[in-house]
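These notes concern the structure reproduced below.
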Amino acid sequence: MDEPVLAPGATIGILGGGQLGRMTALAAARLGYRCHVFATEPDSPAEQVCGAATVAEFSDLAALDRFAAAVDVVTFEFENIPAQAVRFVAASKLVLPRAEILEITQDRLREKDFLRSIDIATAAYREVSNVAALVRAMHDFGYPAVLKSVRMGYDGKGQVMLNPETKPEEAWRHMGGEIGILESFVDFACEISVIVARGRNGAWATYPPVENQHTAHILDTTIAPARIGPETAMRAEAIARHIAEKLDLVGVLAVEMFVTQAGEILVNELAPRPHNSGHWTIDACVTSQFEQLVRALCALPLGSVEHHSDAVMKNLIGRDVEKWREALGDPFAKLHLYGKTEIQPGRKMGHVTRLIPHR
Ligand code: AMP
């Protein structure tokens with residue numbers, strides 16, 4: 001069934017004020033929409049480009065109420081937004097993707113159980129809720145293995161690599177969560193991701209798989225498209241679409257996957273929002289991941305995901321941002337800075353997409 005269209009001029013509420021919100025707001029502005037950001041800090045990257053913001057804690061129900069009253073539809077740009085805040089807003093305003101999708105992806109165990117329930121392959125995993133359970137699991141899984149906290153993990157936070165020398169008590173402390181998930185280590189040939197967009201009318205579009213290279217667990221470089229065969233690419237896209245359909249997604253979903261040495265695809269993580277590995281779509285595709293999200297939120301038709309250039313996207317992390325002048329010296333490099341004033345190690349300050357146009 002076709003949903004009523006939210007016409008240009010309407011206001012999109014964004015929970016979270018980071019760079020993903022900023023780039024969503026920029027795409028929305030181009031289509032004539034306003035955005036209003038809910039952020040815990042003033043002068044957030046997203047607020048800087050849309051002007052309207054509620055600055056408060058996610059536990060501040062009066063502020064969430066004011067925010068909901070000021071917008072026509074709501075989305076989120078960060079998966080660790082407290083689920084209670086999202087549920088509270090959803091009681092008075094349409095939130096897309098649905099709050100339940102966010103809740104599944106906030107919990108690594110629920111996420112993996114969901115994937116298993118829809119027959120999507122992942123690394124072998126087991127819940128571990130204390131050191132004794134970790135000792136048993138380490139014995140059963142062998143080495144290397146990875147211990148991750150079930151909640152609040154991103155960019156490698158709350159993650160510990162386990163080898164025969166690892167002391168379980170130390171690993172448990174380092175992981176820092178209340179409940180952990182032990183995964184067998186995947187000796188992958190490459191890491192890829194697929195971004196899928198799904199409209200309110202059920203129409204969908206998938207971008208081609210891209211290849212992701214991490215440094216210290218943080219995305220460093222995305223190569224688009226991934227250097228994989230067409231059959232693997234087709235399988236990866238089909239997996240992403242299957243997951244989006246089973247989640248009844250409206251919006252944008254990133255599916256991170258490992259391609260094993262044997263060519264098997266294992267899903268590692270889901271993010272129900274625009275994703276760092278999709279930034280290349282701004283400069284190289286007919287429609288960016290951010291514009292697709294805006295289109296989906298407002299019940300507009302999705303745009304084409306075709307790319308007119310291949311691309312290599314490099315994150316500017318911490319002091320890398322000081323190389324902005326160098327990036328501008330390359331006429332095929334597109335520089336994106338997020339307006340963050342404080343440089344911190346590991347902080348994503350911007351990115352550069354180098355285009356390789358199809359001739
Ligand atoms: P995650 O926080 O789960 O996205 O993990 C961050 C990065 O750690 C991934 O992109 C991989 O490079 C690496 N990693 C996570 N889990 C595994 C695993 N089970 N086997 C091998 N590498 C992993």
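Remember, it's 1-based here, ligands and their atoms both numbered in the order they're listed.
If you number the atoms of ligand 1 from 1 as listed, the ones under 4.0 Å from a heavy atom of Glu183 come out as 16 (N), 18 (C), 19 (N). With ligand atoms numbered from 1 in the order given, ligand 1 contributes 18 (C), 20 (N), 21 (C) to contacts under 4.0 Å with heavy atoms of Val186. Taking every non-hydrogen atom of Lys148 and a distance limit under 4.0 Å, the qualifying atoms of ligand 1 come out as 3 (O), 15 (C), 16 (N). Within ligand 1, counting atoms from 1 as listed, the ones closer than 4.0 Å to a heavy atom of Arg108 are 1 (P), 2 (O), 3 (O). The Glu256 neighbourhood of ligand 1 comprises atoms 4 (O), with distances under 4.0 Å to a heavy atom of that residue.
For the ligand labelled ligand 1, residue Ser184 lies inside the 4.0 Å heavy-atom shell.
No part of Asn212 comes within 4.0 Å of ligand 1, judged by heavy-atom distances.
Separation of atoms OH (Tyr338) and OG (Ser44) is listed at 14.5 Å; rounding is to 0.5 Å. Between the CZ atom in Arg354 and the CH2 atom in Trp280 there is a gap of 16.0 Å [rounded to 0.5 Å].
Taking all heavy atoms of Gln213, His217, Glu191 into account, the minimum distance to atom 9 (C) of ligand 1 is reached by Glu191. In the candidate list Phe258, Tyr125, Phe188, Phe185, Phe258 is nearest to atom 17 (C) of ligand 1, counting heavy atoms. If you check each of Gln159, Met161, His214, Glu111 against atom 6 (C) of ligand 1, the one with the closest non-hydrogen atom is Gln159.
Phe38 has its ring centre less than 6.0 Å from the ring centre of Phe58.
Every residue meeting the ring-ring contact (aromatic ring centres under 6.0 Å, His included) condition with His336, not counting sequence neighbours, appears here in chain and number order: His351. Among residues two or more places apart in sequence or in another chain, the ring-ring contact (aromatic ring centres under 6.0 Å, His included) test is passed with Tyr207 by none.
Note on Glu291 versus Arg30: salt bridge recorded, some NZ/NE/NH1/NH2 to OD/OE distance being below 4.0 Å. Between Asp320 and Lys323, at least one side-chain N (NZ, or NE/NH1/NH2) sits under 4.0 Å from a carboxylate O, which counts as a salt bridge.
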